[in-house]
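Atoms considered below: every heavy atom in the structure, side chains included; atoms not considered: hydrogens, waters and symmetry mates.
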Amino acid sequence: MIQRQSEETKDIIVIGAGVVGLSTAITIQEKGGYRVTIVAETFPTDPKTIRYTSHWAGAHHVSGAYGILEMDKETFEIMWKDSEPDGPAHGCFLRHSNTQFRSDGVDPTEWLNHMPGFRSVSKDELVPGATHGWNFTTLTLYPPVYLNWLLGRFLTNGGKIVRAQLQHISQAMHGGISGLPQKPEAIVACVGLGARFLGGIEDKEVYPVRGQTVILKAPWVRYGRTLTYEDGSHFYLMPRVTGDVLVGGIRVANDWFPVPREEDRDYLLAGGLAMCPELVPPAIRAERTPTIDDLRPLIVDEGCGLRPGRKSGIRLATEWPDVGSQTKIPVVYNYGHSGMGFQSSWGSASIALNLLEEALAGEKPGKAKEYEIWPADYTGRRDHVC
């Protein structure tokens, strides 16, 4: 959909080019009547960096009881359509069977029963350590390709991008950055972990939730699994369209360490093997009981990312900040998704668009809406939210 330009077209600046920023920019752009510019320090075309979390995501679509179910549902419907064999982005996705195993007493039926083929599994299907399980069909996307597809879609529709490192939000508001509109009608801040530091926002509720993953070349595994133990520790594996399988299970709040740790790698390999011995090549399993040393030759990549956590959950709200100018313009906030950015991206973008249109229509905001993702009291153990 090519956005139509007219005298009434409004200039909107979106700050941030992660999955939330890109999805939000496209949603605003394709509504029509808006000329959208994205300003960011890092884009999907850049090499992987700890400063850009979206590249490190899994990323599968498995909802949780985190207060954002409607966002997740809307996002899944869009991704399911895009992933159809003749869909516009089918090469970014792999549809597959996924089984959620648990021994923590939690029943996910309430937030997963809308997934295709949802059912409880029999005791014979349980993996060691699980007391219950549920199977359904979902999808895993390949972030580097998907993010670039989003960027290409935005640019093809007439969008503009500007590379800049903002020190203060006012630099985007009042023409302080070359290439940005001099008089934008509104700013939409999809700034992730940057919300903690960006002048004019400086949200101290935002903090990093470090994750680490290992990617194995195991094309014989074409299904996903998650396993949550009674103590809250959690492992997952996600097959990708590339034939790789991503294994994870690390979630530590306020850990800024920017590179993979060896002890975390071994922890993930052990947890992944216990949940899915089939990760080991069939020929080895036919001869003996596999060990994590059998997985090491399969490693093709590993990495870590800093999920943008927020104590009160996702912030979707509008403000007219006083930044020393006589003309105030609205700022719509859309950040704090932690590890839920991909699976809630289109749903939160829709809410951001509604907030934008309300603000431009002259409606003052009521009480800010925040969407709780999970309790803020982390224990610091190596458990995971994907």
Side-chain angles (χ1 to χ4, degrees), residues 12-25 37-44 46-57 147 161-180 184 186-212 251-259 303-325 328-341 345 348 352 368 370-371 373 376 378 380 385:
I12 307 298
I13 296 174
V14 173
I15 306 176
V19 66
V20 173
L22 291 168
S23 302
T24 302
T37 302
I38 297 175
V39 57
E41 176 185 358
T42 308
F43 287 91
D46 296 336
K48 287 184 176 181
T49 168
I50 195 66
R51 298 177 65 85
Y52 185 82
T53 303
S54 292
H55 266 158
W56 300 106
L147 292 165
I161 61 174
V162 173
R163 187 185 298 272
Q165 184 179 32
L166 300 181
Q167 282 76 47
H168 197 284
I169 197 170
S170 63
Q171 295 171 329
M173 289 179 173
H174 306 306
I177 300 295
S178 176
L180 291 183
I187 305 292
V188 183
C190 305
V191 289
L193 193 58
R196 183 179 176 92
F197 307 104
L198 181 61
I201 301 179
E202 297 169 280
D203 187 343
K204 299 310 179 187
E205 287 203 358
V206 174
Y207 60 97
V209 183
R210 183 182 179 276
Q212 182 170 323
R251 187 193 74 181
V252 184
N254 293 306
D255 182 356
W256 294 88
F257 197 69
V259 295
C304 66
L306 303 178
R307 305 177 183 96
R310 187 168 183 270
K311 292 179 181 178
S312 298
I314 298 173
R315 187 183 185 193
L316 279 157
T318 309
E319 286 184 347
W320 278 257
D322 185 356
V323 293
S325 172
K328 292 185 178 181
I329 65 173
V331 177
V332 175
Y333 301 109
N334 184 12
Y335 64 82
H337 297 70
S338 197
M340 305 296 177
S345 54
S348 67
E370 294 173 333
Y371 296 80
I373 301 179
Y378 288 99
V385 174

Interatomic distance, H168 atom NE2 to I201 atom CD1 [nearest 0.5 angstrom]: 9.0 Å

Please report the closest heavy-atom contact between A253 and Y207, naming both atoms and the distance. CB-CE1, 3.8 Å

Closest approach of A172 to P184 (non-hydrogen atoms, all atoms of both residues): O-CG, 3.8 Å

Look up atom CG in L166 and atom CG in L198, then write down how far apart they are to the nearest 0.5 Å. 6.0 Å

Does a side chain donor of either Y333 or D203 reach within less than 3.5 Å of an acceptor in the other side chain? no

Give the C-alpha distance, both sets of side-chain angles, the deciding distance and a yes or no for side-chain contact (heavy atoms from CB on, under 4.5 Å) between I177 and V162. CA-CA 9 Å; I177 300 295; V162 173; 4.1 Å; yes

Under the 3.5 angstrom rule, does the side chain of T37 hit a backbone N or O of L180 as a donor-acceptor pair? no

Between W56 and T49 (side chain of the first, backbone of the second, donor and acceptor by atom type, cut-off under 3.5 Å), is there such a pair? yes

Specify the closest pair of heavy atoms between R315 and E319, including all atoms of both residues, with the distance to one decimal. NH2-OE2, 3.0 Å

Would you find more than 12 non-hydrogen atoms of other residues, nucleotides or ligands less than 6.0 Å from R196 atom CZ? yes

Scanning both residues in full, the closest heavy-atom pair of I38 with A25 reads CD1-CB, 3.6 Å

Atom CD1 in I329, atom NE2 in H174: separation rounded to 0.5 Å? 6.0 Å

Which distance, rounded to the nearest 0.5 Å, do you find between the CD1 of I187 and the OG1 of T318? 12.5 Å

Say whether, by atom type as modelled, one donor and one acceptor occur between the side chain of R210 and the main chain of F257 under 3.5 angstrom. yes

Are any non-hydrogen side-chain atoms of M173 and P321 less than 4.5 angstrom apart? yes

Between H55 and P44 (side chain of the first, backbone of the second, donor and acceptor by atom type, cut-off under 3.5 Å), is there such a pair? yes

Less than 4.5 Å apart, side chain to side chain, heavy atoms only: is that true for I15 and C190? no

Do you know which two heavy atoms are closest between A189 and V331, and how far apart they sit? CB-CG1, 4.4 Å

Would you check, one step at a time, whether the test salt bridge (Lys or Arg N to Asp or Glu O under 4.0 Å) holds for D46 with R163? CA-CA 11 Å; D46 296 336; R163 187 185 298 272; 2.8 Å; yes

From CH2 (W256) to SG (C304), nearest 0.5 Å: 12.5 Å

dist K204:NZ -> F197:CZ (nearest 0.5 Å) comes out at 6.5 Å

Any side-chain heavy-atom pair of Y335 and V20 under 4.5 Å: no

Please report the closest heavy-atom contact between G18 and S54, naming both atoms and the distance. CA-OG, 3.5 Å

